[in-house]
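All residue numbers refer to positions in the sequence shown, counting from 1.
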Amino acid sequence: GGWAVVALCLTWLLLGRERPTLRSTWPAIVLGFILSLPGLVPSVMLNWGTDGEVVRWANQVYVYGRLAHHLAPGQLPNIFVLRFALLFVLWLILSLATLGAREALEDGGLRRFRTFVGATVAIALVGVAIAPLAHVDPALSAGLLRFYWFRLADVAVPVGVAMTGATLIVTMRQTQPIVARLLLTLALVVGGVHLGIHAVERSIPTQPPADRLPDYVGWRHACDWIADSGEIPRDAKFLTPRMAQTFKWYTGRGEVANWKEVPQDAEAIKEWWARISDLHATGSNDPTEYWRPSLVELGAGRLQELGAKYEADYVLTFSRPRLPLPIVYPVDGLHRNRTYVVYKLTPWRMSE
């Protein structure tokens with residue numbers, strides 16, 4: 001919402017002599033600002049009164065430790081960057097092709113829309129320009145990058161391609177009807193194939209993108225047993241694999257820390273990172289070896305300690321190698337699961 005208001009203001013400035021008067025636009029700008037307040041106010045108040053050092057440290061964890069694939073330009077997936085760049089080039093080509101659109105269609109609206117899309121790209125480029133600050137002041141860079149500079153352009157450029165492409169087809173109906181029909185057919189085929197693929201994917205039970213664990217079937221069997229067996233109390237808490245992002249979905253039970261559920265305020269990020277590190281960090285400075293592949297590597301003793309520290313009752317982890325802890329799932333002869341096992345931890349309440 002906030003970036004949309006900024007983009008609208010940039011659009012107004014860039015239109016030059018074609019810009020509408022402030023008198024005609026201020027109601028829309030004010031309304032947009034009011035609609036953005038539910039997102040802006042919590043963002044501003046998020047770390048009110050929190051120690052500055054904690055905030056700077058938490059920003060770096062948030063941007064570079066957890067969400068670099070969304071926020072740090074140098075760490076965005078290459079395929080996503082390439083895809084966006086090609087889409088942006090396509091938008092530019094379509095925009096140039098519609099510069100001569102008939103006045104009845106243009107009527108200023110298409111020009112304003114093109115300028116708005118360009119403004120969102122300009123905002124994204126500011127985010128790209130901020131990124132090199134990380135080599136000088138990582139805390140400052142993270143503090144700025146955490147505001148999602150690229151999200152609005154991610155939406156605006158595809159919409160720009162769709163709207164501008166449709167306009168081009170409409171304007172060509174009279175002058176080049178055959179080409180217009182070919183472009184319309186191509187657009188319908190591309191859209192139909194895209195929607196059809198998603199429709200098929202949604203109709204067939206497949207592993208959700210959020211599940212990044214091996215053996216999805218085994219994972220579901222373990223979670224379903226936890227949810228339905230009656231052996232696990234509703235208020236039980238688990239130690240779970242780092243990439244087990246759907247544990248709560250399938251079991252309805254709590255877990256000590258979830259990689260997906262990163263908090264937003266600095267103090268909560270500090271606590272969350274401490275838990276994640278306690279459970280999964282190796283202490284290595286090598287990024288490729290920073291995280292343990294399995295909780296099993298901690299050993300039974302350390303898992304018991306963590307269970308007591310975080311008031312956890314069970315561990316759901318990989319079944320090999322076995323640990324000298326009581327196994328509650330799978331039960332021999334009744335359930336088979338070659339990948340996952342549920343261990344019972346020493347009741348932490350007994351140590352109180």
Side-chain angles (χ1 to χ4, degrees), residues 61 65-66 210-227 229 231-263 268-352:
V61 168
R66 176 60 185 89
D211 269 321
R212 299 183 182 180
L213 292 167
D215 188 6
Y216 174 65
V217 173
W219 173 251
R220 283 302 307 268
H221 283 170
C223 290
D224 291 345
W225 181 86
I226 292 169
S229 68
E231 300 292 327
I232 307 297
R234 297 293 303 179
D235 61 349
K237 187 184 294 184
F238 281 71
L239 305 179
T240 54
R242 185 173 67 93
M243 302 309 292
Q245 300 177 23
T246 57
F247 176 78
K248 289 191 182 78
W249 298 2
Y250 300 142
T251 68
R253 270 58 173 186
E255 56 190 326
V256 170
N258 184 300
W259 180 251
K260 189 73 172 177
E261 296 175 1
V262 55
I269 290 174
K270 181 180 178 180
E271 169 64 19
W272 170 82
W273 188 255
R275 290 181 175 228
I276 289 289
S277 299
D278 247 2
L279 294 174
H280 305 295
T282 63
S284 172
N285 292 324
D286 184 348
T288 63
E289 298 181 0
Y290 191 83
W291 301 111
R292 293 186 184 88
S294 171
L295 286 169
V296 175
E297 293 187 2
L298 288 168
R302 180 57 177 162
L303 288 173
Q304 293 280 27
E305 292 174 4
L306 291 170
K309 180 177 180 179
Y310 295 115
E311 302 182 351
D313 308 284
Y314 300 90
V315 180
L316 172 56
T317 186
F318 297 110
S319 58
R320 293 289 184 271
R322 291 290 192 186
L323 295 175
L325 292 170
I327 297 175
V328 296
Y329 170 88
V331 181
D332 291 340
L334 298 178
H335 304 278
R336 292 185 178 183
N337 196 323
R338 297 182 178 181
T339 307
Y340 298 99
V341 64
V342 176
Y343 294 111
K344 181 75 171 70
L345 296 174
T346 301
W348 54 268
R349 294 176 181 85
M350 294 177 58
S351 62
E352 293 181 345

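For the atom pair CZ of Arg322 and CD1 of Ile327, the computed distance is 4.0 Å after rounding to the nearest 0.5 Å. If you take NZ on Lys248 and NZ on Lys260, they are separated by 13.0 Å, rounding to the nearest 0.5 Å. Rounded to the nearest 0.5 Å, atoms CD1 (Ile269) and CD (Glu271) are 12.0 Å apart. Distance check: Leu279 CG to Arg242 CZ gives 11.5 Å after rounding to the nearest 0.5 Å.
In this pair, Tyr314 and Phe238 present their aromatic rings parallel. The plane angle is below 30°, not in the 30 to 60° band. The aromatic rings of His280 and Trp291 sit perpendicular, their planes meeting at an angle over 60°, well past the 30° parallel limit.
For the pair Arg275 (side chain) and Tyr310 (backbone), a donor-acceptor distance under 3.5 Å is absent. When atom types are taken as modelled, the side chain of Tyr329 and the backbone of Trp225 share no donor-acceptor pair closer than 3.5 angstrom. Judged by distance alone, the side chain of Thr251 and the main-chain N or O of Cys223 form no donor-acceptor pair under 3.5 Å. Checking side-chain atoms of Thr282 against main-chain N and O of Tyr290 turns up a donor-acceptor pair under 3.5 Å. Panel note: side chain Arg66, backbone Trp259; a donor-acceptor pair is recorded below 3.5 Å. A donor-acceptor contact shorter than 3.5 Å links the side chain of Trp272 to the backbone of Asn258. Judged by distance alone, with hydrogens and angles left aside, the side-chain atoms of Arg253 form no donor-acceptor pair with the main-chain N or O of Lys237 at under 3.5 Å.
When all heavy atoms are compared, the tightest approach of Lys344 to Asp313 is CD-O, 3.8 Å. The two residues Pro241 and Leu316 come nearest to each other via the heavy atoms CD-O, 3.0 Å. Summarising the geometry of Gly218 relative to Tyr340, their closest heavy-atom pair is C-CD1, 3.6 Å, with the distance given to 0.1 Å. When all heavy atoms of Val296 and Arg320 are compared, the pair lying nearest together is CG2-O, 4.4 Å. Nearest heavy-atom pair, Ala300 versus Leu323, reported as atom, atom and distance to 0.1 Å: N-CD2, 4.2 Å. Here the closest heavy-atom approach between residue Leu325 and residue Gln304 is recorded as CD2-NE2, 3.2 Å.
Counting only heavy atoms from C-beta outward, the side chains of Leu345 and Leu239 approach each other to under 4.5 Å. The side-chain heavy atoms of Tyr343 and Ser319, taken from C-beta on, include no pair separated by under 4.5 Å.
In Arg302, the CZ atom is crowded: over 12 heavy atoms of neighbouring residues, nucleotides or ligands sit closer than 6.0 Å.
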Under the criterion side chain to side chain contact (heavy atoms under 4.5 Å, CB included), I'd like the reasoning laid out for Phe318 against Thr339: C-alpha separation, chi angles, the key distance, then a yes or no. CA-CA 6 Å; Phe318 297 110; Thr339 307; 4.0 Å; yes
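Among pairs with a residue in residues 212-227, those fulfilling salt bridge (charged side-chain N to carboxylate O under 4.0 Å, His left out) read Arg220-Asp224, at least two apart in sequence or across chains.
Across Leu298, Leu295, Val256, Val315, a single residue satisfies side chain to side chain contact (heavy atoms under 4.5 Å, CB included) together with Leu306, and that is Leu298.
When only modelled atom types and interatomic distance are considered, Asp286 and Ser284 share no side-chain donor-acceptor pair under 3.5 Å.
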